[in-house]
Asker: 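The structure is given below, and queries will be raised subsequently.
Since the structure is predicted, the reported quantities are computational estimates derived from the model, not experimental observations.
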Amino acid sequence: HLLPEGTVVAAGLADLPDWADPAGRAGLAAAAERFQRVARSIDEVIDRTRLLQEELAAQRAEAMNRSLLVLAVLTAIFLPMTLITGIFGMNVAGLPGLQDASAFLWVMVLIVAAGAATLALMFWRRMF
């Protein structure tokens, strides 16, 4: 917002009355030039600040994306295991393996296999 004021002051130098002394004219011209430089410097600082702000926002977004990726991977790994433990955790009659003593071992093997298969699939599809 400062650049138009500097332009007006610089343009007003040509319209000074005849009685204005030359030293005053030179001082006013120097002040107008200094004002223009300061205004341009402020605009440059504002532009650099905007670039820095955009860079910081991009870095925060990248960090958030990495965190969400880790969360999604962990969710994909534990989802099959949670499903299996949920099914076998129900207390109803007729579930397979209730009468077998080694059912716990088979459920654990199934859970580990589901997690390993999920990881293998993610590595194969280059998602991890």
Asker: Mark yes when over 12 heavy atoms from residues, nucleotides or ligands other than Q53 sit less than 6.0 Å from its CD; otherwise mark no.
Answerer: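 For Q53, atom CD is not crowded (no more than 12 foreign heavy atoms under 6.0 Å).
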
Asker: Run D47 and R50 through salt bridge (charged side-chain N to carboxylate O under 4.0 Å, His left out) and show every step you take.
Answerer: CA-CA 5 Å; D47 289 341; R50 284 188 186 129; 3.7 Å; yes

Asker: Mind checking whether L110 and L119 sit in one hydrophobic cluster, side chains of I, L, V, M, F, W, Y counted as touching below 4.5 Å?
Answerer: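 As far as the 4.5 Å side-chain criterion goes, L119 and L110 are connected within one cluster.
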
Asker: Rounded to the nearest 0.5 Å, what separation is found between the CG atom of L68 and the OG1 atom of T75?
Answerer: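 The CG atom of L68 sits 10.0 Å away from the OG1 atom of T75.
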
Asker: Do L74 and V70 have side chains that get closer than 4.5 Å, going by heavy atoms?
Answerer: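 Yes, their side chains come closer than 4.5 Å.
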
Asker: If hydrophobic clusters are built by linking Ile, Leu, Val, Met, Phe, Trp and Tyr wherever their side-chain heavy atoms come under 4.5 Å apart, do F123 and V73 end up in the same one?
Answerer: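 In one cluster: yes.
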
Asker: For the atom pair CD (E55) and CG (L51), what is the distance rounded to the nearest 0.5 Å?
Answerer: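 Answer rounded to 0.5 Å: 9.0 Å.
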
Asker: Give, for atom OG of S41 and atom CZ of R34, the distance between the pair rounded to the nearest 0.5 Å.
Answerer: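 Between S41 OG and R34 CZ, I get 13.0 Å after rounding to 0.5 Å.
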
Asker: Side-chain heavy atoms under 4.5 Å apart, restricted to Ile/Leu/Val/Met/Phe/Trp/Tyr: what other residues fall into the cluster of W124, or is it alone?
Answerer: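 Traced through the cluster, W124 reaches L121.
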
Asker: What is the distance from atom CZ of R40 to atom CD1 of I42, rounded to the nearest 0.5 Å?
Answerer: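 That separation rounds to 11.5 Å.
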
Asker: Is the closest side-chain heavy-atom distance between L69 and R66 below 4.5 Å?
Answerer: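 A side-chain contact is absent here, since even the closest heavy-atom pair is not under 4.5 Å.
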
Asker: Looking only at non-hydrogen atoms, find the nearest pair between T118 and A76 and report the distance.
Answerer: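 Closest approach of T118 to A76: CG2-O, 3.1 Å.
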
